[in-house]
Amino acid sequence: MNKNSLSIAGLTCAGLLVPLADAATLKTPETSRHFMRHVDPETGVLSWKMKPKSFAWNQQSIYFTAKSMTDDGRYLVFDYSDDEFRKDAKGKLLPARKRKAVVDFLKDEIIALPETTGSIPYLDPVTAKLLYTAGEGVWMHDLRADPTKRTLVCPWPQGFLDLAKRFGEKRGHLATHPTLTQDKKRMFIDSRYGDTFFHGMLNLETRTWEHWGETPFFMNHGQVCPSDDTLAMGAWEVDWVDSKGEHHPIHKIGPNDRYPRMWYLKPGNVREMIDPGPEMNYATHEMWDEDGHGHYWNNWTGLWHYDRFTKRTERLSPFPAGHSSVSRDNRYVVSDFPTGVGYGRGQPWSVVFYDRQTGGAVFIHSRCSALCPPEPGSRLHPDPHPAFVCNERYIVTTINNPDGHMDLCLTPVAQLKERCAKATPLGSPLPAKAHPVDVGMRIFQKYFRVHWDERMAHGGDPRRVVEVRTLEADFRRTGIVALHELRVIADLSHRRIAG
């Protein structure tokens, strides 16, 4: 076993012996000099925001499928970048590049990791080892030992390089969403070379490649199952451009024209499409349960879950969802959803927290402003990407600002649970003098309970988000400020939504 593989083994062995940070000296977002209070002006939810532009122009949470904070609360990993709308002397936009940095709450300092890239990393929340793919292979920063030291733990093995050479010299991506097997010794890799998308396991100890298969479509979002090392999940992405410049958009398949986003993958080039179900023939941004019993995915009718043992599909949340995170006990859901018109990247968003047991909900960020105009849009993927972190003590999100910069926020979860426990459950009769936010929630939920096909028949368009202006007067009359500017998918009448 080589020296670097011993370090990888420490992910499950030596790492667990590292004592947790001393609670007496450990700072938190509430006490750190790098954070400040941020209160949602409409719901009053308290978050702790990294002081704007204090470390970099953009301070952005990492993608929601990755853990960004260790369970002991000591380390927080985030992306930083310059103003992406800067221009050179000729008026051309300068390159936009993200790198990683880490907040050490024990020392109350921020440490730049300038050799990192903008790719999605893997952070072990127990051992505080940060891994990512770039260039020659898989790199690691041991945050406890020396955060600034970068180690190549596994160069690309010959078997991988031989495949890459056969498929095409031009590299598309190495691994989009790195995940590790249960023993932390192998990493699931989804790669593109030339016009071929292939996937398999990279053994970090033996430095060998186990080829699983290839797909004839753009497959990314690869994630190994948390409880079965022989099963992974991948996504057929919406569009890709081949080496000849031709576009290949996703298209519905089968006799019932099903949307083929979600796939279960096994060795031997075995794959199975998971149907998104009858409510809405669409899915996006899927992620495994923490226990690996199934996975959930997002769409405009809510957050949905598929149990791979019972084959049962159920809706976990009635709110529209772009990216979501679910608590370990499956009781709490946090989701973001866009509220802009005609946007790609950089549009306004809302972030909502939902208690499945009580039916209560509260907006964490009721109105996140747009980062920029629809054109040219952002190149830095500035979505909120909410996720439970630090043993579910906080929810991490990114919020945008109209001057074009991003802020990272950590929202304590305890207050959200308390608010939802006292909220009027969705679906129950409202009292005569209901709180305005409860009224707004009810109108909002009634609309999204309408079947997707009915909404489409009344002029809805999943790619054209328009404001329901007929509701504005009622929202204002009932005192709704948080919800009257929510943009929804279809231009329906007030009677259709509230009736």
Side-chain angles (χ1 to χ4, degrees), residues 63-67 177 179 182 188 220-228 231-236 256 258-266 271-337 350-362 364 383-389 392 395 413 416-417 420 425-427 444-445 448-453 462:
Y63 201 65
F64 77 108
T65 57
K67 300 292 185 183
H177 300 66
T179 48
Q182 298 169 80
F188 185 75
N220 64 4
H221 279 243
Q223 306 164 59
V224 67
C225 178
S227 58
D228 184 350
L231 174 66
M233 177 169 57
W236 183 340
N256 297 319
R258 307 313 297 164
Y259 191 78
R261 163 81 182 193
M262 302 176 292
W263 294 82
Y264 281 177
L265 309 168
K266 283 181 167 290
R271 60 180 180 268
E272 173 192 4
M273 191 194 85
I274 306 301
D275 194 304
E279 183 75 13
M280 180 180 180
N281 191 18
Y282 179 75
T284 190
H285 298 134
E286 52 292 310
M287 186 175 175
W288 287 109
D289 293 338
E290 294 246 355
D291 59 14
H293 283 191
H295 74 277
Y296 53 87
W297 69 92
N298 299 263
N299 70 33
W300 276 106
T301 65
L303 182 71
W304 292 83
H305 179 266
Y306 174 78
D307 188 307
R308 64 188 181 93
F309 295 105
T310 66
K311 311 299 183 183
R312 180 169 174 255
T313 297
E314 66 172 327
R315 178 156 47 185
L316 299 185
S317 168
F319 291 96
H323 313 87
S324 299
S325 184
V326 181
S327 61
R328 291 189 184 97
D329 62 4
N330 286 325
R331 175 172 174 175
Y332 301 102
V333 177
V334 60
S335 300
D336 65 21
F337 56 92
S350 292
V351 182
V352 65
F353 181 88
Y354 176 63
D355 183 338
R356 298 182 61 224
Q357 181 171 308
T358 68
V362 61
I364 299 174
D383 304 341
H385 295 143
F388 287 97
V389 295
E392 301 183 359
I395 290 170
V413 171
L416 306 176
K417 292 180 178 180
C420 288
L426 296 173
F444 193 61
Q445 187 221 19
F448 279 103
R449 286 179 64 186
V450 177
H451 193 278
W452 176 255
D453 291 338

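Being a predicted model, the structure only gives us computed values, none of them experimental.
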Checklist outcome for this item: Of all heavy-atom pairs linking L303 and Y296, the shortest is CD1-CD1, 3.6 Å
Checklist entry - Between the side chain of D307 and the main-chain N/O of R312, is any donor-acceptor distance below 3.5 Å? => result no
Checklist entry - In chain order, what residues pass the side-chain contact (heavy atoms from CB on, under 4.5 Å) check against H293, with sequence neighbours excluded? => result D289, D291, F309
Checklist outcome for this item: Those residues at least two apart in sequence (or on a different chain) that pass side-chain hydrogen bond (donor to acceptor under 3.5 Å, both in side chains) with N220 are E237
Checklist entry - Looking at CE of M262 and CH2 of W304, how far apart are the two atoms once the value is rounded to the nearest 0.5 Å? => result 11.0 Å
Item to check | salt bridge (charged side-chain N to carboxylate O under 4.0 Å, His left out) against D383, all qualifying residues, sequence neighbours excluded | outcome: R345
Item to check | Nearest heavy atoms of H305 and W297, plus distance in Å | outcome: C-CZ3, 3.8 Å
Item to check | side-chain hydrogen bond (donor to acceptor under 3.5 Å, both in side chains) against S317, all qualifying residues, sequence neighbours excluded | outcome: none
Next on the checklist: Any side-chain to backbone donor/acceptor pair from D355 onto G360? Under 3.5 Å, distance only.
Outcome noted: no
Checklist entry - Residues two or more places apart in sequence or in another chain: which of them pass side-chain hydrogen bond (donor to acceptor under 3.5 Å, both in side chains) with D329? => result S327
Item to check | Side-chain donor/acceptor of Q223 to backbone N/O of E286, under 3.5 Å | outcome: yes
Item to check | Contact summary for M233 and L265, nearest pair of heavy atoms | outcome: C-CD1, 4.2 Å
Checklist entry - Listed by chain and number, what are the side-chain contact (heavy atoms from CB on, under 4.5 Å) partners of P260, not counting sequence neighbours? => result W236, I250, I253, W263, M273
Item to check | Main-chain N/O of G322 paired to H285 side chain as donor or acceptor, under 3.5 Å | outcome: yes
Checklist entry - Taking only residues two or more places apart in sequence, or in another chain, which ones meet A387 in a side-chain contact (heavy atoms from CB on, under 4.5 Å)? => result F64, S325, V396
Checklist outcome for this item: Separation between CG (D228) and CD (Q182), nearest 0.5 Å, reads 7.5 Å
Next on the checklist: Going by the rule ring pair (Phe, Tyr, Trp, His ring centres under 6.0 Å), which residues pair with Y264 if we only count those two or more places apart in sequence or in a different chain?
Outcome noted: W288, H295
Checklist entry - If every non-hydrogen atom of C420 is compared with every non-hydrogen atom of T358, which pair is closest and at what distance? => result O-OG1, 3.0 Å
Checklist entry - If you round to the nearest 0.5 Å, how far is OG of S350 from CZ of F337? => result 4.5 Å
Checklist entry - Checking R258 side chain against P276 main chain: does a donor-acceptor pair fall under 3.5 Å? => result no
Checklist entry - By salt bridge (charged side-chain N to carboxylate O under 4.0 Å, His left out), which residues pair with R308, not counting sequence neighbours? => result none
Checklist entry - Can you tell me if N299 uses its side chain to pair, donor with acceptor, with the backbone of T301 under 3.5 Å? => result yes
Checklist entry - For E290, which residues count as a side-chain contact (heavy atoms from CB on, under 4.5 Å) partner, sequence neighbours excluded? => result K67, R328
Checklist entry - Distance from T313 atom OG1 to D275 atom CG, nearest 0.5 Å? => result 7.5 Å
Item to check | Sequence-distant partners of N330, side-chain hydrogen bond (donor to acceptor under 3.5 Å, both in side chains), two or more places apart | outcome: none
Checklist outcome for this item: Heavy atoms of V224 and L231 approach each other most closely as CG2-O, 3.5 Å
Item to check | Results of ring pair (Phe, Tyr, Trp, His ring centres under 6.0 Å) for Y332 - residues two or more places apart only | outcome: F353
Next on the checklist: Between R331 and E392, does any side-chain N to carboxylate O distance fall below 4.0 Å?
Outcome noted: no
Checklist entry - Say you draw a straight line from NZ of K417 to CD of Q357; how long is it, rounded to the nearest 0.5 Å? => result 11.0 Å
Item to check | Side-chain touch K311/Y306, heavy atoms, less than 4.5 angstrom | outcome: yes
Checklist outcome for this item: Value for NE2 (H177) from NE2 (H221), rounded to nearest 0.5 Å, stands at 3.5 Å
Next on the checklist: Which heavy atom of S335 sits nearest to which heavy atom of P386, and what is that distance?
Outcome noted: C-CG, 4.0 Å
